[in-house]
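Each remark here refers to the structure printed beneath this line.
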Amino acid sequence: SKHACVEWLHSEAWLPEAADWSADHLYRAMDFLFAQRGAVMAHLRARALEAEPGDDCLPSCLDTTTACTEADMDDAAIVARAEAWLNHRLHGGSQPDDPFPQVVNEPPLRMRGHSKDGHPESPQIVLGLATSRSGAVLAYEVMAGNTSDKAATLPLVRSVRAALPERPLLAVMDAGMASQAHLRALNAEGAGWLAGLGVKRNRLASHALGDPTPWAGLPRTTHRNRTPKVATWETKLVDVPEPLRAVPVVPERVLLLRNPDRARRDRRKIGNLVADLQNALSQNDAVERDGRPNPVFGRSALKGLYRIDSAAQRVVIDEDAVARERELAGLRAMRTTDTTSTADALLTAYQQLLATEDDFRMLKSGVEIRPFWHRNRDRIEAHVVICLIAMAMIRHVESVTGLSWREVSAAFTGVVATELASGGATWWQRTELRPDAVTILQKLGSIPGYERWTSDAVLPVRQAKEVQ
């Protein structure tokens with residue numbers, strides 16, 4: 001909220017230039033930033049690409065999240081209210097009970113949809129990010145709150161393509177963003193893909209599992225409780241036949257991965273579910289009893305592990321389904337148009353999506369992008385740009401110092417400036433910095449600054465003492 005920001009500037013921050021600032025000043029600044037958002041993103045993109053080889057195919061990780069607003073009414077309802085008022089004024093219809101809305105976003109932006117914030121009751125926006133290998137933002141899209149992940153794929157790729165028209169592009173995304181139709185649209189934009197793939201009831205995954213290509217070992221280091229652990233994963237790279245490709249003329253491969261630790265956990269879970277199902281059916285295996293369906297039908301965890309014996313009207317364990325579940329234990333799959341990279345390189349590229357998820361966590365927990373109080377579409381987007389700038393600065397500080405933002409913040413906790421007065425003179429004095437805070441500033445190419453200064457000018461400590 002810009003009103004809260006003004007209050008913060010006047011009551012907590014030391015910024016003499018802001019003494020006469022009002023919320024209008026900040027709103028005008030947001031309008032200016034919105035007009036310059038292209039130049040801002042070009043600068044952030046240039047910094048992100050400094051670590052990327054110039055001629056290589058650029059992996060661009062795509063993902064979405066949601067940010068809720070404090071508003072009770074979504075934009076579709078606000079548009080309907082505005083139309084009711086226009087009907088009243090133009091055609092003499094009944095006057096609406098609610099006042100004419102001050103801001104009308106058309107097409108609607110703040111809408112209710114699938115919430116990734118845990119606030120399904122609130123209107124929201126969908127924020128899509130396209131990031132580099134390290135999580136640096138290449139492009140963003142602000143979309144209506146009821147936009148699906150699949151519908152967000154193409155706008156993000158087009159944003160990256162518009163900014164980097166000559167760069168080979170590989171869109172990295174999870175399975176929820178990669179339908180056949182959207183992959184064909186990506187191909188039309190000149191982009192390849194590395195996308196997650198479901199393994200249950202999926203023709204591509206079934207083809208790869210049945211392919212005679214032998215499994216190969218892939219050593220991977222994982223960290224559990226901060227302890228590195230080396231495990232050998234099973235991998236299989238299989239060419240996709242033309243009838244199963246998203247675009248018949250574009251070669252594709254499927255990468256199958258089996259994590260042995262996860263496979264053991266999954267098989268143990270399946271065994272527990274089967275035992276639980278056997279116990280339930282031993283007490284009641286009738287499809288229906290006393291007009292009530294069998295209780296196992298209401299247990300989603302057991303779904304797919306049983307079948308109905310129509311002749312006997314009994315519920316029985318589906319042994320074939322259980323065998324399939326055991327075969328798929330610990331299995332992950334992805335599809336890609338990259339026909340040259342190794343299984344290790346493809347898995348590493350796909351796991352870069354974790355950096356994008358870290359960006360979303362930073363935007364929500366560190367930068368606090370939501371809930372937001374803005375109503376106007378342009379200012380909502382300006383708010384997003386401000387948050388992206390703040391996140392880029394935080395990532396720069398983390399990169400230079402080698403510390404997490406939480407550690408950096410902790411080093412400066414308790415640092416305050418107090419206005420003091422004595423003998424008709426006034427001056428400001430700040431808390432002495434901790435040694436680790438001084439080290440952080442030095443790594444960033446800054447200096448701790450003065451501990452005392454007057455209200456009119458910053459003075460060296462010696463002069464400040466003379467004022468006292």
Side-chain angles (χ1 to χ4, degrees), residues 61-63 148-150 153 170-184 186 192-218 220 222 231-247 251-274 277 300-307 317-339 341-354 357:
C61 300
L62 312 181
D63 207 351
S148 68
D149 282 354
K150 288 184 174 67
T153 305
L170 183 74
V172 183
M173 54 198 159
D174 60 29
M177 301 182 75
S179 69
Q180 290 281 86
H182 286 87
L183 294 181
R184 286 192 289 271
L186 290 188
W193 55 83
L194 172 59
L197 186 68
V199 295
K200 294 184 179 180
R201 295 180 294 278
N202 186 286
R203 292 190 302 162
L204 277 180
S206 299
H207 167 77
L209 272 172
D211 189 90
T213 302
W215 291 83
L218 176 64
R220 298 291 294 181
T222 58
T232 300
W233 290 23
E234 294 178 311
T235 67
K236 183 196 283 193
L237 268 171
V238 178
D239 291 330
V240 178
E242 282 191 19
L244 297 181
R245 297 175 186 170
V247 182
E252 277 193 85
R253 294 190 296 173
V254 169
L255 172 61
L256 294 181
L257 300 149
R258 194 188 302 276
N259 181 335
D261 290 335
R262 177 171 293 183
R264 283 191 291 271
R265 292 196 299 270
D266 288 352
R267 290 188 180 113
R268 185 164 55 248
K269 180 180 178 181
I270 293 168
N272 292 336
L273 289 174
V274 171
L277 179 59
S300 58
L302 302 178
K303 186 177 180 181
L305 298 179
Y306 57 82
R307 61 181 177 84
I317 295 176
D318 189 336
E319 298 295 347
D320 292 338
V322 172
R324 284 195 301 271
E325 291 292 328
R326 294 184 186 278
E327 182 185 17
L328 298 178
L331 192 68
R332 296 171 58 191
M334 55 194 73
R335 63 189 301 178
T336 182
T337 55
D338 183 346
T339 58
S341 295
T342 63
D344 189 24
L346 291 173
L347 178 57
T348 300
Y350 187 78
Q351 289 181 331
Q352 289 160 4
L353 281 170
L354 296 175
E357 294 177 1

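Computation of the quantities below employed the complete heavy-atom set of this structure, encompassing side-chain atoms and omitting hydrogens, waters and symmetry-equivalent molecules. Fair warning: this is a prediction, and the values are worked out from it, not measured in the lab.
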> When rounded to the nearest 0.5 angstrom, what distance separates NZ in Lys303 from CG in Leu277?
Replying inline: 14.5 Å
> Can you name the residues that form a side chain to side chain donor-acceptor pair (under 3.5 Å) with Ser179, not counting sequence neighbours?
Replying inline: His182
> What heavy-atom pair brings Pro241 and His207 nearest, and what distance separates the two atoms?
Replying inline: CD-NE2, 3.3 Å
> Does a side-chain heavy-atom distance below 4.5 Å link Leu328 with Leu209?
Replying inline: yes
> Can you tell me how far CG of Asp318 sits from OH of Tyr306, rounded to the nearest 0.5 angstrom?
Replying inline: 11.0 Å
> Considering all heavy atoms of both residues, which atom of Leu346 and which atom of Leu194 are nearest to each other, and what is their separation?
Replying inline: O-CD2, 3.5 Å
> Between Asp149 and Gly176, what is the shortest heavy-atom contact and its length?
Replying inline: CB-O, 3.8 Å
>> Nearest 0.5 Å, please: how far is CG in Leu347 from OG1 in Thr342?
In response: 9.5 Å
> Listed by chain and number, what are the salt bridge (charged side-chain N to carboxylate O under 4.0 Å, His left out) partners of Asp344, not counting sequence neighbours?
Replying inline: Arg220
>> Please find the pair of heavy atoms, one from Arg258 and one from Ala329, that lie closest to each other, and give the distance.
In response: NH1-O, 2.9 Å
> Roughly how far, to the nearest 0.5 Å, is CG of Leu255 from OG1 of Thr336?
Replying inline: 9.0 Å
> Is it the case that more than 12 heavy atoms not belonging to Arg262 sit under 6.0 Å from its CZ atom?
Replying inline: no
> Taking only residues at least two apart or on different chains, which pairs with a member in residues 206-216 satisfy salt bridge (charged side-chain N to carboxylate O under 4.0 Å, His left out)?
Replying inline: none
> How far does CG of Leu331 sit from CG of Leu197, to the nearest 0.5 angstrom?
Replying inline: 9.5 Å
> Do the non-hydrogen side-chain atoms of Met334 and Leu257 ever get within less than 4.5 Å of each other?
Replying inline: yes
> Please walk me through it: do Leu302 and Leu273 pass side-chain contact (heavy atoms from CB on, under 4.5 Å)?
Replying inline: CA-CA 7 Å; Leu302 302 178; Leu273 289 174; 4.0 Å; yes
> Going by the salt bridge (charged side-chain N to carboxylate O under 4.0 Å, His left out) test, which pairs reach into residues 325-338, not counting sequence neighbours?
Replying inline: Lys200-Glu325, Glu252-Arg335
> Given side chains that start at C-beta, do those of Leu353 and Val172 come closer than 4.5 Å, heavy atoms only?
Replying inline: yes
> Which heavy-atom pair separates Gly217 from Thr232 by the least distance, and what is that distance?
Replying inline: CA-CG2, 3.8 Å
>> As an exercise, state the distance from CG of Asp63 to CG of Asp174, rounded to the nearest 0.5 Å.
In response: 5.5 Å
> Does Tyr350 have any ring pair (Phe, Tyr, Trp, His ring centres under 6.0 Å) partners at least two apart in sequence or in another chain, and if so, which?
Replying inline: none
> Hey, does the side chain of Thr337 reach the backbone of Trp193 with a donor-acceptor pair shorter than 3.5 angstrom?
Replying inline: yes
> Who passes salt bridge (charged side-chain N to carboxylate O under 4.0 Å, His left out) against Arg253, sequence neighbours left out?
Replying inline: none
> Is Leu62 close to Met177 at the side-chain level, that is, under 4.5 Å between some pair of heavy atoms?
Replying inline: yes
>> Please find the pair of heavy atoms, one from Ala195 and one from Ala178, that lie closest to each other, and give the distance.
In response: CB-CB, 3.5 Å
> Do NZ/NE/NH1/NH2 and the carboxylate oxygens of Asp261 and Arg264 come within less than 4.0 Å?
Replying inline: yes
